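Letters go in sequence order (proteins before strands), and every chain restarts at 1. Quantities reported herein were computed from a predicted structural model and do not represent experimental measurements.
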Amino acid sequence: MLNKLSPIYTTQFGRAYCGDSIDLLKRIKDESINLVITSPPFALLRKKEYGNKPQDEFVDWLARFAKEIFRIITKDGSFVLDLGHAYQKSRPVRSLYNYKILINFCEELRFNLAEEFFWHNPAKLPSPIEWVNKRKIRIKDSVNTVWWFSKIDFPQADARNVLVPYSERMKKLLRDSDKFYSPKKRPSGHDISKHFSRANGGAIPPNLLEIPNTESNSQYLRYCKIVGIKGHPARFPVKLPEFFIKFLTKPGDIVLDIFAGSNATGEAAESLERHWLAFELNIQYLAASIFRFLGEIEPQQIKKIYESLSNGNLHKYEASKIKPISMFNSALSKNLDDIFITL
DNA sequence: CCTCCGTTTACTCACTCATC
DNA sequence: GATGAGTGAGTAAACGGAGG
């Protein structure tokens with residue numbers, strides 16, 4: 001094994017490593033990562049090209065990674081896990097695999113469930129075809145469960161970073177609370193006071209995250225087309241990691257995605273000035289993920305970069321040299337070498 | 001030629017967003 | 001305002017290869 005791990009590319013804030021995440025996680029020091037956010041291959045019945053695990057092996061398989069994650073996140077760090085649902089084989093009955101993960105991580109690995117989130121993708125196609133489209137005995141499943149785990153009861157979190165605009169009705173109330181609102185005890189028993197009319201800069205968001213996954217002409221996809229490859233087949237929208245990075249970290253913190261795929265997490269972290277690490281087993285997926293960081297460059301140059309990264313030479317590429325970052329805040333600079341164990 | 005496998009293919013549709 | 005591109009899932013039938 002190499003003494004020093006070599007990223008296949010770096011940016012101003014991040015590093016992308018190719019390899020088995022179990023091995024890579026073991027090279028990270030205890031309590032050094034603020035947030036791990038990831039979406040593993042789901043335990044679907046349909047075989048996917050990125051190699052998903054069967055339902056009966058899934059919990060044990062993912063728990064091996066989670067154990068390392070528990071070790072490497074800071075005391076007040078978080079672990080956010082996006083999981084889609086699946087059906088049992090040959091039955092219109094749900095698999096409980098994502099709930100088994102939740103219970104295993106909390107009861108065996110001693111994670112807290114800080115909060116459960118639901119990612120609603122309204123543009124999800126109606127599926128699975130057999131139960132939903134053909135027989136019409138089930139309706140379309142358009143939410144993923146997103147479990148937010150922590151080690152302690154009070155992990156770093158600030159909802160003020162993820163406030164959403166007030167509704168039109170609430171804006172009216174804030175303009176003239178006397179006219180639109182009368183503080184009193186509600187039938188539910190809640191005593192809604194005068195404080196309800198105080199403007200706090202936005203509404204507290206719900207745990208239902210409505211984010212359509214409809215990317216169709218991003219720079220990433222355009223560059224994939226230029227190079228002549230398909231984009232990663234199961235990308236999550238950048239807005240999803242963006243929400244949790246804003247909510248659970250500060251600028252300069254370190255975010256890790258252990259199943260990085262096309263590195264949407266890295267893109268979100270980079271734009272929010274958080275350091276990031278991306279681990280991905282498939283060199284082609286990881287090589288293409290550099291497209292997110294290149295800016296507008298010539299097609300010939302895009303092809304050259306992709307070739308040199310995907311040929312397996314683990315050629316180190318600095319995206320920041322291609323796309324100069326003008327507004328780099330040096331106060332946030334951190335030596336990412338410090339978080340790795342040197343053998 | 002037939003059987004027993006495993007593999008491939010047909011089936012079926014809601015919604016968003018950028019661009020023209 | 002219309003258009004095109006992109007986003008997936010599980011079953012069962014069809015297909016194809018190996019072996020007798």
Taken in chain and number order and not counting sequence neighbours, the residues that satisfy salt bridge (charged side-chain N to carboxylate O under 4.0 Å, His left out) with A:E68 are A:R71
Residues at least two apart in sequence or cross-chain that pass salt bridge (charged side-chain N to carboxylate O under 4.0 Å, His left out) with A:D82, listed by chain then number, are none
From the list A:N34, A:T249, A:T74, A:D253, side chain to side chain donor-acceptor pair (under 3.5 Å) with A:Q156 holds only for A:D253
Q: Keeping the roles fixed (side chain from A:R160, backbone from A:D158), state whether a donor-acceptor pair exists under 3.5 Å.
A: no
Hits for ring-ring contact (aromatic ring centres under 6.0 Å, His included) against A:F111, two or more places apart or cross-chain, chain-then-number order -> A:F70, A:F79, A:F149
request  = Determine: side-chain N/O of A:K225 to OP1/OP2 of C:dG6, distance under 4.0 Å, yes or no.
outcome  = yes
Sorted by position of nearest nucleotide on DNA chain C, 5' first, the leading residue of A:N121 and A:E130 is A:N121
As a check of understanding: the bend across the helix from B:dC1-C:dG20 to B:dC20-C:dG1, end axes from five pairs, rounded to 10 degrees, works out to 50°
Requested in this report: Look at the side-chain N and O atoms of A:R135 and state whether any lies under 4.0 Å from the OP1 or OP2 oxygen of B:dC11.
Outcome: no
Per-nucleotide protein contact along nucleotides 12-18 of chain B, 5' to 3', at a 4.0 Å heavy-atom cut-off (B base, S sugar-phosphate only, - neither), is BBBBBSS
Any donor and acceptor pair, going by atom type alone, linking the side chain of A:S150 with main-chain N or O of A:P155 inside 3.5 Å? no
Using a 4.0 Å heavy-atom cut-off, does A:R235 contact any base of the nucleic acid, only the sugar-phosphate backbone, or nothing at all? sugar-phosphate
Are the aromatic rings of A:F65 and A:F279 close, with centres under 6.0 Å apart?
no
Residues passing the ring-ring contact (aromatic ring centres under 6.0 Å, His included) test with A:W119, sequence neighbours excluded, are none
Once you apply a heavy-atom cut-off of 4.0 Å, does A:R222 come out as touching a base, just sugar-phosphate, or nothing? nothing
